[in-house]
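I have placed the structure first, in the form of structure tokens, so that the comments after it can refer back to it.
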Amino acid sequence: MRFEKAWTVAAKEMAEFRSNKYVLITLLLLPLSMAVVMPLALVLPIASQAPSGEPLPLDLPPPDMTIQGETLVDRVLVNASISDSVIRGSVIRDSRVMNSTLVGVTVEGSILEGVTIKNSVIRGSNVIEPGEISGSNLVNSPIVGGESEFVNVILLLLDTFLLFFVIIPAAIPALMASYSFVGEKLNKSLEPLLATPTTDGELLFGKALAIFLPTMGATWLSGVIFILLVNLLLEPTLGFAPLPTPTWLVALVLLAPLFATLSITANVIISSRVSDVRASQQLGALVVLPAIFLFMLPLFGVITLGPVSILGFAGGLLGVNVVMAFLALRLFRREEILVSWK
Amino acid sequence: MEFIETVDLKRTFGDIVAVEDLNLRIREGEVFAFLGPNGAGKTTTVRMLTTLIHPTSGKAYIGGNEVGREPDSMNIRAMTGFLPEAPGLYERLSAARNLDFYGRLYGVPESRRKARIEELLKWIGLWKRRDSPVATFSKGMRQKIAIVRAMVHDPQILFLDEPTAGLDPSAAKTVRDFLVDLGSMGKTIFLNTHNLSEAERVSTRIGVVSTQLLAQGTPKELAARYLKPASVFRLREATEDVVQAVDALDFVEEVHVEDGELHVSLEDPQKGNPAIAKAVIAAGGEIEFIVEKEMGLEEVYLRLLEDAA
Ligand SMILES: Nc1ncnc2c1ncn2[C@@H]1O[C@H](COP(=O)(O)OP(=O)(O)OP(=O)(O)O)[C@@H](O)[C@H]1O
Ligand SMILES: [Mg+2]
């Protein structure tokens, strides 16, 4: 394989793509709309629902009383320092509560640190690294840090958005390959091309590269925009930038290119055997199914989506890719393509 | 071994025999016209010779390389230029970009490539339009670009599949003049055509094909080999009596009247003409002119195809 021959083919293909408005629209509009529209449409409502803002400037006086390791019911606690306790149906004001559980409590002007909150109302307080928060109403009370249920839900939601960044690199090649190979067939330009001293490997690699580079460019660009936008929207609420998580990094850096490659090899095989653009696109689009399948698994509790499970999946995908690339080369029959031209 | 040689070359598509028993020998520097009607197997033959498709049986050699065998096929591709039936240019790319792409694939170094592309585009009068997308070009302009595309790497052999198909008469003439020029530059050209006058004008030798090779040679050789000489007698009136009298002569092979003229086929006109004249006069005919019948390629071609059918 002479790389400069493959690159010649790739450069020609990309020059053709640059002047094909359908390809440009697919490359730019589809991924970018996902990167911009999705965060705005899905993340923004959540972000606005959440308690927001920086920690309140609460200046608590030295506590009047210290409570530790107790269970308190129906009490009014003002200017207290409470730790490792369980408090039910009480009112807490101007206090500091640490590592405790609040059930049916009304809190005002306090600092809650590492506290689990159930069926309570929190007003004008700072909630720092909370435990689980459920059935509660936080009014003018920012959550600062911590793996609260709210934060977990957001992170889980963000992980599901990864699906799009795996579907995009799988879907774009379906369209591009149909222009690349079937287009060349319809255009009858394959015949003089095959008469040049270029090997099948150089031709296929060049064409694959011409699809891979723009696909990954569009995917990563939209990924970066998505990350920036989500961080911009959620950082004020969460107090930290949620993306990229390790799961995101592994998915974008490893999984996306592997899906792109899988889609390209599959589409190369399809379009060297099919002679119309539409059939090629439709069959090629089926490649997104394994991507969707991967993201269905955590929903059914088969696996949890995380860096490790994705790495494992990526390893499997790499193996499939090698087999597919080999198949694409073996199944590329220049003569058959020419002879079955209609 | 000749520069281009085929030995019992055969190609079938399912039950259809596209070409068979093809034995061609073409010398370096020849302009060979492969002449045949639609479906004669011209394109199929050129596709085999350019290594695009495999022969079903038989062998073919180009410059000592065997078609269909690696790395010979790669050598053949490197030394040949090919104009397919359809120009197959990249419509979205400019004329110069199309040529540059092929120049790169054929391994023409950058320094030479630029000059070569300029030279070729100037030659076909499209240098000014070099940066326009091919989609904006007329059919004839495309064909010209496709022809020079086959020449960017200055190949030893050119395979041209109907280069003047779809061109207007003046564009077709330009292309034919190219071919004559190329021939005089010593290029070996294999030209598929179904245009008789093109074959006659451009080529040094003609092969007539209709699935099988029916004949090959220079136009003169073909005429001499396949057409009986004939004399044409222009009479004041070609009566039935005259025809019968001439037909009765034993050395006359065939007589017929065409446009009021008497066409007489015979082995040796110089020997037979005086006797025919006598017979015509005896039968009451009045002779105005006697001429030797012009033997064009057309007669040979049609006769060959008729005999083959
Ligand atoms: N790809 C193919 N599949 C099936 N049959 C084919 C194919 N290519 C050619 N043939 C058949 O082979 C025969 C020769 O075809 P070919 O194209 O070589 O003729 P040709 O001399 O180039 O004709 P034309 O002057 O029309 O271009 C025809 O009967 C044709 O139907
Ligand atoms: Mg043909």
Side-chain angles (χ1 to χ4, degrees), chain A residues 1-24 176 179-207 209-210 275 277 329 332-342, chain B residues 11-14 18 43-44 46-55 68 70-71 73-94 97-98 100-110 113 133-135 142 145-147 149-150 152-153 155 159 161:
Chain A
M1 162 102 68
R2 294 156 297 180
F3 185 76
E4 73 278 8
K5 289 266 162 129
W7 180 249
T8 296
V9 174
K12 184 276 289 180
E13 294 279 309
M14 287 191 279
E16 275 193 290
F17 287 147
R18 270 199 295 278
S19 59
N20 185 330
K21 64 172 187 275
Y22 298 106
V23 169
L24 287 185
M176 291 183 75
Y179 282 103
S180 165
F181 283 92
V182 183
E184 192 122 36
K185 267 200 238 180
L186 294 179
N187 198 15
K188 309 250 189 232
S189 51
L190 203 56
E191 191 170 356
L193 179 58
L194 291 178
T196 63
T198 313
T199 63
D200 290 352
E202 288 156 0
L203 213 58
L204 290 179
F205 184 62
K207 282 186 169 275
L209 200 61
S275 57
V277 175
L329 194 58
F332 185 73
R333 295 251 171 279
R334 19 174 92 210
E335 175 158 352
E336 238 167 74
I337 297 177
L338 280 186
V339 165
S340 58
W341 271 359
K342 283 292 160 290
Chain B
R11 172 72 201 212
T12 57
F13 294 101
T43 297
T44 304
V46 159
R47 281 181 165 184
M48 284 192 282
L49 295 179
T50 49
T51 76
L52 289 170
I53 62 177
H54 282 84
E70 291 303 339
S73 285
M74 203 53 106
N75 295 338
I76 293 173
R77 286 188 214 132
M79 68 193 284
T80 54
F82 173 45
L83 170 75
E85 237 168 7
L89 296 160
Y90 299 107
E91 300 273 314
R92 298 173 186 282
L93 304 183
S94 71
R97 187 73 175 82
N98 268 278
D100 183 69
F101 176 56
Y102 273 82
R104 285 169 193 268
L105 288 183
Y106 279 111
V108 182
E110 171 127 38
R113 205 163 60 229
V134 168
R142 281 164 213 237
I145 294 168
I147 290 171
R149 180 188 60 195
V152 260
H153 55 306
F159 286 97
D161 199 349

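Order of the sequence lines sets the chain letters (A, B, ...), proteins ahead of strands, with each chain counted from 1.
- Under a 4.0 Å N-O distance rule, the pair R47(B)/E335(A) does not qualify as a salt bridge.
- Y106(B) has its side chain out of reach of P155(B): every pair of non-hydrogen atoms, C-beta onward, lies at least 4.5 Å apart.
- Annotation: side chain of Y179(A) is in contact with side chain of V23(A) (closest heavy-atom distance under 4.5 Å).
- Contact of L89(B) with chain A is made through the backbone alone, with heavy-atom distances under 4.5 Å.
- Pairing each heavy atom of H153(B) with each of A150(B), the nearest pair is CE1-O, 3.4 Å.
- For the set E85(B), R149(B), E70(B), M79(B), the entry with the most heavy-atom pairs within less than 4.5 Å of chain A is R149(B).
- For the pair V108(B) and R113(B), the tightest heavy-atom approach, listed with the atom from each and the gap, is O-NH1, 3.0 Å.
- Contact annotation for residues 197-205 of chain A against chain B (heavy-atom separation below 4.5 Å, listed by residue number): P197(A), T198(A), T199(A).
- Using a 4.0 Å cut-off between charged nitrogen and carboxylate oxygen, R92(B) and E184(A) do not count as a salt-bridge pair.
- Aromatic rings of F101(B) and Y90(B) (six-membered ring for Trp) have centroids within the 6.0 Å cut-off, being under it.
- Neither the backbone nor the side chain of P133(B) has a heavy atom closer than 4.5 Å to any heavy atom of chain A.
- With a threshold of 4.5 angstrom between heavy atoms, F13(B) approaches chain A through side-chain atoms but not through N, CA, C or O.
- Heavy atoms closer than 4.5 Å to chain A are found in both the backbone and the side chain of H54(B).
- A donor atom on one side chain and an acceptor atom on the other are not found under 3.5 Å apart for T44(B) and R11(B).
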